[in-house]
Amino acid sequence: MLDIKFVRENPDTVKENIKKKFQDNKLHLVDEVITLDSKIRELKVKGDNLRQEKNETSESIGILLRNKEVEASNLKKERVVTINKELINIEEEETTLSQELREKMLVIPNIIDESVPIGKDDTQNKEIEKFGEPYIPPYEIPYHADICASLNGLDKDASGRTSGNGFYYLMNDIARLHSALLSYARDFMIDKGFNYCIPPFMIHGDVVAGVMSFEEMDNMMYKIENEDLYLIGTSEHSMIGKFKGQTLDEKELPIAMTSYSPCFRKEVGAHGIEERGIYRVHQFEKQEMVVLCKKEDAISWYNKMWSYTVEFFRSLDVPVRTLECCSGDLADLKVKSCDVEAWSPRQQKYFEVGSCSTLGDAQARRLNIKAKNKEETYLVSTLNNTVLATPRGLIAVIENNYMEDGSIKIPKALRNYMGGKEIITK
RNA sequence: GGAGUAGUACUCAAGUGGCUGAAGAGGCGCCCCUGCUAAGGGUGUAGAUUGGGAAACUGAUGCGAGAGUUCAAAUCUCUCCUACUCCGCCA
């Protein structure tokens, strides 16, 4: 969300930005927002003046009553009653218009960074850099679910019976590898100086509404029956929610956290749940990075953060590349964002395993997260990035370490977490 | 889950209907004294969010949140939230 003052003062910049994102259908919002804003301010002045009169009149009633001037005080009382009636209308209108303004403001996209490549949609995202040689083995690599099943590590028939499509039983060494990955990801980030955190896995509706749109909420979030609780779709929800409405001391910044949580997503719409695999599922686990920092530090954190994910996967011998989101593919809140994609030797293409974003102060404005020093209070900048989401990350490790005989070589970095084991065999 | 107590600015804290947007203190600024430290004395200042105004200035909101009573609410009523204490339950 942008600052209304900014929109008021720089309407052309905002419009230019909307064009860059190929959202011309939103252009009219800018002028509408400016008109609404000035109407609201007019109402505010009107209301303020009436409230001033009301306060002064009420105060004078007190004085009159003390002097036992009952009649004069009754006249003044009537005046206040009239003012109150007028105020009700003005306040109602102000509330309505403010809501309308906020709704419009919420869908006006954040100003994207100058470095973001211009493009219409995800087909025009730009590869930035490859890390590691995409390796094509001389033998065929089976579908990940088949590999896992053949190693007695996956049972989707059972999960279908217990929970339906989109769930999975991981078992034996595959389950252990999954946990090893998460533990390693956790320690990897702790070593980078991030503070480890396990957040609540359920949050109240008002926090959910703070971190996403209603549409997203419907398409993603599972609600607990008869409770004001939702299962989180990512620990970012809990981690950003942690700071909702807070004013931090600038000395506490930057706050660099790495959080673990299971993630629950309905995955309604676009892609849906695939029948066979464990690539897109209702329940997965994730190690995340969340950073709150000063505005001027945001870009350097952004670069540091995605590079940590790259480093993480490289330490597991998984070739990766970074793909920058072009203007048209960038979610409205984001200033700049890139995906980290892992190489799939089976499909011989890259697939998304993580996403790194800087949101500027847009998220903080929405949720009212501030920091202050002696001189001023200001909105913080927020960033988030995936270290590891698994089973997706598990798939990358399995495919890239699959041996011709059907076994999986365990990357060195994970062996300590696997009791020293070097290979998973049938 | 039950019962009790509390929630006022950066912190502590006074305050049961109008003269309280908030006494007082710490804090913070300046000055003095003393000096190994700790401390002491004087004086000044601010306090959150936002509107109008070129500015000086001026207004609104703001006492955990919301609703209500009233001409008028930090103060009365209701609901909720949070913290603490006690009890119950539980991996």
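Throughout, a chain's letter reflects where its sequence line sits, starting with A, and its residues are numbered from 1.
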Atom-to-atom span, [atom1] of [X] to [atom2] of [N] - whole angstrom:
{"X": "A:E69", "N": "B:G18", "atom1": "CD", "atom2": "C1'", "result": "16 Å"}
{"X": "A:N368", "N": "B:A65", "atom1": "CG", "atom2": "C1'", "result": "15 Å"}
{"X": "A:L43", "N": "B:G52", "atom1": "CG", "atom2": "C1'", "result": "14 Å"}
{"X": "A:D3", "N": "B:U49", "atom1": "CG", "atom2": "P", "result": "14 Å"}
{"X": "A:N67", "N": "B:G18", "atom1": "CG", "atom2": "P", "result": "16 Å"}
{"X": "A:E94", "N": "B:G51", "atom1": "CD", "atom2": "C1'", "result": "10 Å"}
{"X": "A:E86", "N": "B:A60", "atom1": "CD", "atom2": "P", "result": "16 Å"}
{"X": "A:K76", "N": "B:A72", "atom1": "NZ", "atom2": "P", "result": "15 Å"}

For atom [atom1], what is the distance between [N] and [M], given to the nearest Å?
{"N": "B:U16", "M": "B:A74", "atom1": "C1'", "answer": "10 Å"}
{"N": "B:U61", "M": "B:G7", "atom1": "P", "answer": "24 Å"}
{"N": "B:A91", "M": "B:U85", "atom1": "P", "answer": "23 Å"}
{"N": "B:G62", "M": "B:U75", "atom1": "C1'", "answer": "16 Å"}
{"N": "B:U69", "M": "B:U5", "atom1": "C1'", "answer": "26 Å"}
{"N": "B:C63", "M": "B:C10", "atom1": "C1'", "answer": "16 Å"}
{"N": "B:A38", "M": "B:G27", "atom1": "P", "answer": "13 Å"}
{"N": "B:C89", "M": "B:A14", "atom1": "C1'", "answer": "42 Å"}

Scan every strand shown for a Watson-Crick or G-U wobble partner of [N], both distances under 3.5 Å, and answer none if you come up empty.
{"N": "B:A13", "result": "none"}
{"N": "B:U85", "result": "B:A3"}
{"N": "B:A67", "result": "B:U77"}
{"N": "B:A39", "result": "none"}
{"N": "B:A48", "result": "B:U61"}
{"N": "B:A72", "result": "none"}
{"N": "B:A22", "result": "none"}
{"N": "B:A54", "result": "none"}

Quick one: do A:D157 and A:R161 make a salt bridge, cutoff under 4.0 Å?
->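 Looking at A:R161 together with A:D157, the answer is no, because their closest N to O distance does not fall below 4.0 Å.
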
With a cut-off of less than 4.0 Å, is there a side-chain N or O of [X] near OP1 or OP2 of [N]?
{"X": "A:R41", "N": "B:G52", "result": "yes"}
{"X": "A:N55", "N": "B:A60", "result": "yes"}
{"X": "A:N84", "N": "B:A72", "result": "yes"}
{"X": "A:N49", "N": "B:G51", "result": "no"}

Give a yes or no on whether [X] atom [atom1] has more than 12 heavy-atom contacts from other residues, nucleotides or ligands under 6.0 Å away.
{"X": "A:E296", "atom1": "CD", "answer": "yes"}
{"X": "A:K26", "atom1": "NZ", "answer": "yes"}
{"X": "A:K223", "atom1": "NZ", "answer": "yes"}

Report the residue (A:I63 or A:G47) whose heavy-atom-nearest nucleotide on RNA chain B is the more 5′ of the two.
->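 Closer to the 5' end of RNA chain B: A:I63.
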
Please figure out whether A:V45 or A:I61 has its closest RNA chain B nucleotide nearer the 5' end.
-> A:V45

To the side chain of [X], which of [options] is closest?
{"X": "A:D48", "options": "B:C71, B:G59, B:G51", "result": "B:G59"}
{"X": "A:V80", "options": "B:U61, B:U49, B:C71", "result": "B:C71"}
{"X": "A:Q52", "options": "B:U49, B:G51, B:A60", "result": "B:A60"}

Would a line drawn from the ring center of A:F188 to the ring center of A:F312 be shorter than 6.0 Å?
-> yes

Could you tell me whether the side chain of A:R346 reaches within less than 4.5 Å of the side chain of A:Y402, counting heavy atoms only?
->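 Contact flag for A:Y402/A:R346 side chains = no.
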
State, with a plain yes or no, whether a side-chain heavy atom of A:R186 is found less than 4.5 Å away from one of A:L388.
-> no

Mind checking A:I83 for me? I need base, sugar-phosphate or nothing, with any heavy atom below 4.0 Å counting as a touch.
-> nothing

